[in-house]
Amino acid sequence: MATVNARQALSNLYGLMMEINLHRTDEDVLKELQEHPDPQIEKHVLRIKQLTTKLKAEATKVRFQDAVNQLMILKQKGVDEIKKLFQPSEQKELIPLFRKFEELTEKDEKEILEDQELLRLMKILKDKLDDCKND
Amino acid sequence: MEVGEHYNSNHQRIASLTDNDWRVALNKCKKHIQWRLRQRTLYGAHSPSNLGADPVEHYLGVAYEKILSGEWEWKKEHSLSEQMIRIAHKYIGLEVEKISTDKKTSLQIVYKDIEEDFYHMANAPPDIDESEYEEKLRIIEAAVFEDSQLAIMVEAIKEGHKRSEIAALMDIQPRQFDKLKEKLERKVKNYKSSTQ
């Protein structure tokens with residue numbers, strides 16, 4: 001047999017094994033794990049839980065930092081200047097939210113992130129400012 | 001670890017996963033990595049010294065970390081197992097490319113048909129020793145010599161046929177064909193121990 005064929009044949013075999021593995025059902029896999037418990041898998045299940053908790057804390061931190069950064073940009077621009085970006089009809093709808101925006105310094109991290117209306121306003125403002133930059 | 005752009009959408013699905021969902025995905029991904037590494041070792045990559053860690057452990061960690069962090073999108077059309085396999089498969093390929101080209105490669109390439117890619121042959125380095133592979137193939141052929149069903153299977157594999165094609169050739173369902181894999185592994189294992 002030609003040498004290239006041996007390597008190609010083995011490569012085909014390993015490819016086939018990958019394809020068969022991909023098609024295994026959940027029931028077959030769980031049955032196998034019941035019959036032959038795998039400590040490596042259990043170790044990773046535990047690590048996934050730890051990592052999920054850690055990343056959740058990190059995501060909250062990032063979300064707060066993004067909100068604060070966005071607020072800084074908006075504050076620098078000034079509320080009156082921002083209002084000019086909107087049509088009078090839009091302004092009417094958003095006036096209650098603008099008041100919240102002006103009171104922001106009183107709020108702490110938890111309150112900001114739990115205030116869905118405020119986050120909605122910040123998203124609207126950010127989109128509006130991005131649109132202005134792109135025009 | 002940093003939070004990536006797909007964190008929120010990935011975690012909407014992750015929140016509903018059970019431990020058993022993770023166990024299934026980890027097990028299938030682990031098996032895939034083992035076969036993929038064997039395939040890639042045909043081209044001289046993936047010794048533990050290349051990675052500084054056990055390769056299976058390394059790529060298994062990469063597969064779920066990318067989903068948990070949101071660096072990779074968990075596509076809605078893929079199961080958790082399939083998404084993890086796609087990630088591990090991709091990173092193993094990148095490691096080979098890094099070794100063979102010594103260049104950083106883009107992570108943007110997506111295999112549309114991953115099953116097709118299982119059979120993809122990379123270019124072999126010119127100085128590779130082929131005798132080891134000839135010996136491995138010889139052992140497989142000798143192990144199935146007296147089993148006509150497995151002999152047909154091995155011949156079809158050598159010709160490059162895929163799972164559904166071989167099942168059709170043998171006139172059996174793909175799920176029945178999958179059971180032959182265990183028989184083949186058992187035969188090769190028994191043959192090896194009988195000749196040692």
Side-chain angles (χ1 to χ4, degrees), chain A residues 1-67 113 119 123, chain B residues 1-3 7-8 11 14 19-24 26-28 30-32 35-36 38-39 42 56-57 60-61 64-65 68-70 81-82 85 89 114-115 117-122 124 128 130-131 133-138 140 154 157-163 166 174-175 177-178 181:
Chain A
M1 172 167 300
T3 53
V4 172
N5 287 345
R7 206 154 43 85
Q8 176 72 66
L10 288 174
S11 182
N12 292 346
L13 172 67
Y14 300 153
L16 179 69
M17 294 300 162
M18 286 184 251
E19 196 185 349
I20 290 172
N21 175 59
L22 185 73
H23 289 280
R24 282 195 302 154
T25 63
D26 290 8
E27 292 73 30
D28 283 350
V29 176
L30 287 172
K31 194 176 160 212
E32 183 195 310
L33 284 171
Q34 264 182 350
E35 287 165 5
H36 307 283
D38 184 339
Q40 190 181 26
I41 299 288
E42 293 308 312
K43 189 189 84 180
H44 281 284
V45 170
L46 185 64
R47 186 161 175 260
I48 285 164
K49 285 180 186 171
Q50 292 165 340
L51 210 51
T52 303
T53 308
K54 201 174 153 192
L55 281 160
K56 195 176 172 187
E58 182 65 23
T60 306
K61 202 172 136 193
V62 169
R63 201 161 144 238
F64 173 70
Q65 198 53 55
D66 284 351
L113 292 175
L119 292 173
K123 183 168 185 330
Chain B
M1 187 175 292
E2 287 182 12
V3 173
Y7 176 86
N8 288 331
H11 277 265
I14 289 169
D19 284 359
N20 274 352
D21 292 330
W22 279 113
R23 285 188 183 101
V24 168
L26 285 163
N27 179 280
K28 288 176 80 169
K30 178 180 169 179
K31 293 272 160 79
H32 181 89
W35 287 115
R36 177 72 165 157
R38 279 199 203 183
Q39 190 183 49
L42 297 172
V56 176
E57 188 76 6
L60 196 56
Y64 63 76
E65 282 166 15
L68 287 178
S69 70
S81 314
E82 191 176 343
I85 284 172
H89 193 85
I114 193 171
E115 291 174 51
D117 192 62
F118 293 168
Y119 298 90
H120 175 71
M121 272 283 279
I128 203 150
E130 300 280 353
S131 59
Y133 311 126
E134 286 173 23
E135 177 59 12
K136 276 187 181 171
L137 186 60
R138 191 199 61 76
I140 294 168
V154 170
I157 292 168
K158 280 162 63 182
E159 287 171 18
H161 292 292
K162 299 178 178 61
R163 175 177 173 261
I166 305 175
R175 295 279 301 144
F177 171 72
D178 293 348
K181 165 195 168 272

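Predicted model, so just to flag it, every value in this text is computed and none were measured. The figures that follow rest on heavy atoms only: side chains count, while hydrogens, waters and symmetry mates do not. Lettering follows sequence order; numbering is per chain, from 1.
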Do you know the tightest heavy-atom contact between [X] and [Y]?
X     : Y       : value
A9(A) : K158(B) : CB-CG, 3.6 Å
Y7(B) : A59(A)  : CE2-CB, 3.4 Å
M1(B) : E58(A)  : O-CG, 4.0 Å

So what's closer than 4.5 Å to chain B heavy atoms on [X]: side chain, backbone, both or neither?
X      : answer
K56(A) : both
D38(A) : side chain
L33(A) : side chain

Is there side-chain contact between [X] and [Y], with heavy atoms separated by less than 4.5 Å?
X       : Y      : answer
L26(B)  : I48(A) : yes
L22(A)  : K28(B) : no
Y64(B)  : R47(A) : yes
R23(B)  : H44(A) : no
M18(A)  : R36(B) : yes
I140(B) : L10(A) : yes
D178(B) : D28(A) : no
W22(B)  : I41(A) : no

Closest-packed option against chain A by number of heavy-atom pairs under 4.5 Å, given V154(B), N20(B), I166(B): N20(B)
Between K30(B), E2(B), K136(B), the one whose heavy-atom pairs under 4.5 Å with chain A are most numerous: K30(B)
Check: R163(B) main-chain N/O paired with E19(A) side-chain donor or acceptor under 3.5 Å: yes
Rounded distance [0.5 Å steps], NZ in K181(B) versus CZ in R24(A): 6.5 Å
Interatomic distance, L68(B) atom CG to Q50(A) atom CD [nearest 0.5 angstrom]: 12.0 Å
For E135(B), all residues meeting side chain to side chain donor-acceptor pair (under 3.5 Å), sequence neighbours excluded: R138(B)
Intermediate values then yes/no, side-chain contact (heavy atoms from CB on, under 4.5 Å), V3(B) and K61(A): CA-CA 10 Å; V3(B) 173; K61(A) 202 172 136 193; over 6 Å; no
Audit row: F177(B), I20(A), side-chain contact (heavy atoms from CB on, under 4.5 Å) steps and yes/no: CA-CA 9 Å; F177(B) 171 72; I20(A) 290 172; 3.9 Å; yes
Residue part contacting chain A, namely of S81(B), when any heavy atom lies under 4.5 Å: neither
For chain B, the option from T25(A), L30(A), T52(A) that forms the most heavy-atom pairs under 4.5 Å: L30(A)
